[in-house]
Amino acid sequence: MSRENIAVLLCVPQNDMSEFNKIIDELIDEGIIIVGRKKRCFSAKSMGLIQGEFRSTTKGFGFVTDDSGDIHISSENVNGALNGDTVLVKLKKSAMHERNREGVILRVLTRSNRTVVGIYTQERGYGILTPDNQKLPDEIFVMQRDSLGALNGQKVVCQITEYDSPTTSLSCKVVEVLGFPYDFGVDVLSVIKSYDFSTEFPKDVIAESEQVAKINHEDLEERLDLTDSTIITIDGEDTKDIDDAVSVEKTASGYRLGVHIADVSNYVKPGSKLDIEAYARGTSVYLADRVIPMLPVKLSNDICSLNEGVLRLTMSAIMDFDNDGNLTNASFHKSYIKSANRMTYNNIRLLIEEKPADLCEKYNHLFPMLDAMYELYMLLAEKTKERGSIDFNIPEAKAVFDKNGKTTDIVLRESSFANKIIEEFMVAANSAVAKFLWEKNIPSIYRVHDIPNQERLENTLNFIYNMGYGQSRDIHKIIELVKGTPQEAAFSTMLLRSMAKAKYSSQNDGHYGLGLENYCHFTSPIRRYPDLVCHRALKAAIENDKKTKAMLKPFVEEAAIQSSERENAAAMCERDTLDIKKAEYMEKFVGQEFEGVISSVTGFGFFVMLPNTVEGLVRLETLRDDYYVFEEKTLSLYGERSGHTFTIGDVVKVKLAAASKVSRRIDFILLEGGSNSGRKRTEKASRSKQKRSSRVLHRRKVRGRH
């Protein structure tokens, strides 16, 4: 229909036509309405058009995913879309009813790549940017007047000025020169800039933080005074932003747990400069060598940090449990506390397990609480197990630096039951708050985790089962069976990737991984924006604040989407930074031999993970003993002559061939006789001889043997 006919059908008054046209334009921008010939409006959905995120590959083609799976987009049908863009896709008629669907991108709805980091190269009269992100085009044009004086070979930050279209090519201008790739700190700074995080706060945000960072007398009014209670914080040795504290006591009917969280919402008001900046950042980013906080240090490390012996404003969740660990009552309060002691995970472990004399003497007054804490933890841990919570055993690594910032080691992060105690207590508080807000019908942001795609999960479970682990395909039993084996990290990672991704939502859809119907993030408002929103919602519920409730209703959905996006960006930024430090550490070991486990297999080789989580690639062209074919179904490389296979979980011996922190690449070479799997295929190959031959010829061609 035409706009005019839609307006007539909806009986839109003439005075409202400007607003009507504005709404139609918004629907067109969002890809909900498509304008066709003769300016007629069509519903995108009724035309079979699909909206989604385009995920590009390094080879130019990519995928868009909807509820039915992946839609393949060939390089000639990308039509100027870049990795991460939200696009509108039309299925090819020949593929509409096939399982392997193909599509054409009709239009880019929103661009995700505004800034790009890469190497600047000077040409005659113009420049070329080669992006660090290999999923972007190899070369982006830079006008000489837009080079900002960058020198040949320097790392720069660019802003895209023109996108690919029938009339223009992808172009950008330099907005910041970072330095040469091997200059100290440029490697990590490049990653930070590529994910659009900032290491500095605007001056007006800093000024506002200094202005609000104080406790006034009126702040203590109508708050629960908990300064006489024994409350402690438990964190890592180097934690500076301490936002949670706990108290535990035995009662006549069981246990009383108090979880006390810094009241950041008292200082960061909706619409303030601090709030706008925190919303944009979404989260603190914990990199290998630094922290990029969500809030200025005056708040995160000072007035909002629950430091020992100082008065701090808090939001408290007080929960009663019976002797079986069942929650019997929960109440929520605006409060203020004084932390009795700043404890560490290691000290808690020592006091409960080993009881060294010096620590026992120093913290003798805490033993009644520590005993109650451990007893309650054991009860809650059993409840967690009963409800089917999934606990993946995936090792985490951290980089160790010398005084000059050089990576000297990559080690595994230590974790003990002391960490688990705090995890259980925080989960209990988050769940109780989520249930309270849901029952009170207060708009908020929830942490949701959807049920996994059953076909994908079954395929992963069957794969691990067929590798000889377990007599069942139950995910919990398999996790237990692989615990402590060389394959633990690889299989746990496979299982995690078969799950849906947890995200933030305005809808309380439950958390599959934790086995909870109600869940939100309440316990870290210093470093996560959704927790700050949750605190505002909780206050609105406690105070029956209808104004805040009305303000939250249209805001929480938008904030949930933004927070999920920034959380993903932070996770990738943290991963890429650690990869740089891993490669830097391995540079000094070129030529040395290692033993590791195959963590993933692709058509171009397989990745090997060392015990410290360092991963490197054994390239297909380095396997000279046979012609290897990638079999997607079994995630393996199969030798055509020998029948030897390489698959996930195999233990192999390799030599480090190359490592570069600039390219973030680590390359291994398989040692002769370096596979400990000892597995050879004895059954006939499932595909025909003709298909096998074509793949062998393709491999030979790739290696330049034609």
Side-chain angles (χ1 to χ4, degrees), residues 25-26 28-31 51-62 64 73 75-89 104-181 186 189-200 202 276-277 280-282 562 565-566 568-569 572-573 576:
D25 288 339
E26 287 176 355
I28 292 170
D29 289 341
E30 293 169 11
Q51 186 176 138
E53 180 183 325
F54 175 59
R55 294 177 289 111
S56 179
T57 68
T58 56
K59 296 182 179 179
F61 66 89
V64 174
I73 311 293
S75 56
E76 59 267 25
N77 291 321
V78 168
N79 291 333
L82 300 176
N83 184 59
D85 289 349
T86 302
V87 298
L88 206 59
V89 176
V104 178
I105 293 179
L106 294 183
R107 182 175 152 208
V108 176
L109 299 176
T110 57
R111 294 285 187 181
S112 68
N113 299 277
R114 300 293 180 183
T115 58
V116 184
V117 178
I119 299 287
Y120 176 78
T121 307
Q122 183 65 51
E123 302 289 344
R124 286 188 177 182
Y126 64 93
I128 294 293
L129 177 76
T130 304
D132 290 348
N133 186 347
Q134 296 181 7
K135 292 183 178 180
L136 296 177
D138 293 338
E139 296 182 344
I140 302 177
F141 181 75
V142 183
M143 290 288 288
Q144 191 169 19
R145 66 172 183 269
D146 294 330
S147 67
L148 206 66
L151 301 177
N152 201 45
Q154 284 188 317
K155 275 282 183 80
V156 297
V157 182
C158 287
Q159 186 178 74
I160 296 178
T161 54
E162 297 284 350
Y163 290 91
D164 273 339
S165 72
T167 57
T168 62
S169 60
L170 191 61
S171 305
C172 65
K173 66 177 181 179
V174 179
V175 294
E176 186 177 357
V177 178
L178 301 179
F180 289 99
V186 169
L189 192 58
S190 298
V191 175
I192 293 169
K193 295 291 183 179
S194 68
Y195 289 107
D196 203 22
F197 287 105
S198 176
T199 56
E200 304 292 334
I276 293 168
E277 183 70 14
R281 290 173 179 249
Q562 162 73 0
E565 290 175 352
R566 297 316 291 160
N568 291 337
M572 290 187 289
C573 188
D576 288 355

Trainee: Return the CD1 to CD distance between I128 and Q122, rounded to the nearest 0.5 Å.
Mentor: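 Between atom CD1 of I128 and atom CD of Q122 there are 9.5 Å.
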
Trainee: What are the two closest non-hydrogen atoms of L129 and C172, and how far apart are they?
Mentor: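 In this case the closest contact between L129 and C172 is CD2-SG, 4.0 Å.
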
Trainee: Hey, could you give me the CZ/OH distance between R566 and Y195, rounded to the nearest 0.5 Å?
Mentor: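 Those atoms lie 10.5 Å apart.
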
Trainee: State, yes or no, whether a side-chain contact exists between D196 and R114 at a heavy-atom distance under 4.5 Å.
Mentor: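 When only atoms from C-beta onward are counted, R114 and D196 do not touch, as no gap falls below 4.5 Å.
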
Trainee: Which residue in the set V116, V157, V175 passes side-chain contact (heavy atoms from CB on, under 4.5 Å) when paired with K193?
Mentor: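 Result for side-chain contact (heavy atoms from CB on, under 4.5 Å) with K193: V157.
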
Trainee: Quick one, F54 and V108 - any side-chain contact, counting heavy atoms below 4.5 Å?
Mentor: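 Contact flag for F54/V108 side chains = no.
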
Trainee: Tell me whether E200 at atom CD has more than 12 heavy atoms from other residues, nucleotides or ligands lying less than 6.0 Å away.
Mentor: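 Atom CD in E200 is not packed in, count stays at 12 or less.
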
Trainee: What's the separation between atom CG in L88 and atom CD1 in I105, rounded to the nearest 0.5 Å?
Mentor: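 Output value for this atom pair is 9.5 Å.
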
Trainee: Test of understanding: with side-chain hydrogen bond (donor to acceptor under 3.5 Å, both in side chains), list the residues that count as partners of S75, not counting sequence neighbours.
Mentor: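 Once residues adjacent in sequence are excluded, S75 has no partner under the side-chain hydrogen bond (donor to acceptor under 3.5 Å, both in side chains) criterion.
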
Trainee: Does the R281 side chain pair with the main chain of S198, one donor and one acceptor, at a distance under 3.5 Å?
Mentor: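 Checked: pair present.
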
Trainee: Show me the donor-acceptor pairs, under 3.5 Å and distance only, between side chains in residues 131-151 and residues at least two apart or in other chains.
Mentor:
residue: D132; atom: OD2; partner: K155; partner atom: NZ; Å: 3.2
residue: N133; atom: OD1; partner: K135; partner atom: N; Å: 3.0
residue: S147; atom: OG; partner: Q144; partner atom: O; Å: 2.9

Trainee: How far apart are the closest heavy atoms of A81 and V87, and which atoms are they?
Mentor: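 Of all heavy-atom pairs spanning A81 and V87, the closest is CB-CG1, 3.9 Å.
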
Trainee: Given 3.5 Å as the limit, does a donor-acceptor pair link the side chain of T86 with the main chain of Q51, or not?
Mentor: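 Looks like no, no N/O pair under 3.5 Å.
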
Trainee: List the atom of E30, the atom of L109, and the distance in Å for their closest heavy-atom pair.
Mentor: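 Looking at all heavy atoms of both residues, the shortest contact is O-CD1, 3.6 Å.
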
Trainee: Could you pull out the closest heavy-atom pair between G84 and S112, with the gap in Å?
Mentor: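 Distance-wise, the nearest heavy atoms are C-OG, 3.1 Å.
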
Trainee: I need the full list of salt bridge (Lys or Arg N to Asp or Glu O under 4.0 Å) pairs touching residues 117-129, with sequence neighbours left out, sorted by first then second residue.
Mentor: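 For residues 117-129, and leaving out neighbouring residues, there are no salt bridge (Lys or Arg N to Asp or Glu O under 4.0 Å) pairs at all.
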
Trainee: Under a 4.5 Å cut-off applied to non-hydrogen side-chain atoms, are N152 and T121 in contact?
Mentor: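 They are in side-chain contact.
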
Trainee: Is it true that a side-chain atom of Q154 and a backbone atom of L178 form a donor plus acceptor pair closer than 3.5 Å?
Mentor: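 No, the answer is negative, given that no donor and acceptor are paired below the 3.5 Å cut-off.
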
Trainee: Is a side-chain N or O of D164 found less than 3.5 angstrom from the main chain of S169, in a donor-acceptor match?
Mentor: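 Not at all, since once roles are kept as given, no pair shorter than 3.5 Å links the two residues.
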
Trainee: Identify the heavy atoms of R107 and D29 that sit nearest to each other, and give their distance.
Mentor: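 It is NH2-CA, 3.4 Å.
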
Trainee: Just so I know, are the side chains of L170 and Y163 near enough to count as touching, which here means a heavy-atom distance under 4.5 Å?
Mentor: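 A side-chain contact under 4.5 Å exists here.
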
Trainee: For N113 and D85, indicate whether the former's side chain and the latter's backbone hold a donor-acceptor pair under 3.5 Å.
Mentor: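 No.
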
Trainee: For V117 and S190, work out which heavy atoms get closest and say how close.
Mentor: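 Reported closest heavy-atom pair: CG2-O, 3.7 Å.
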
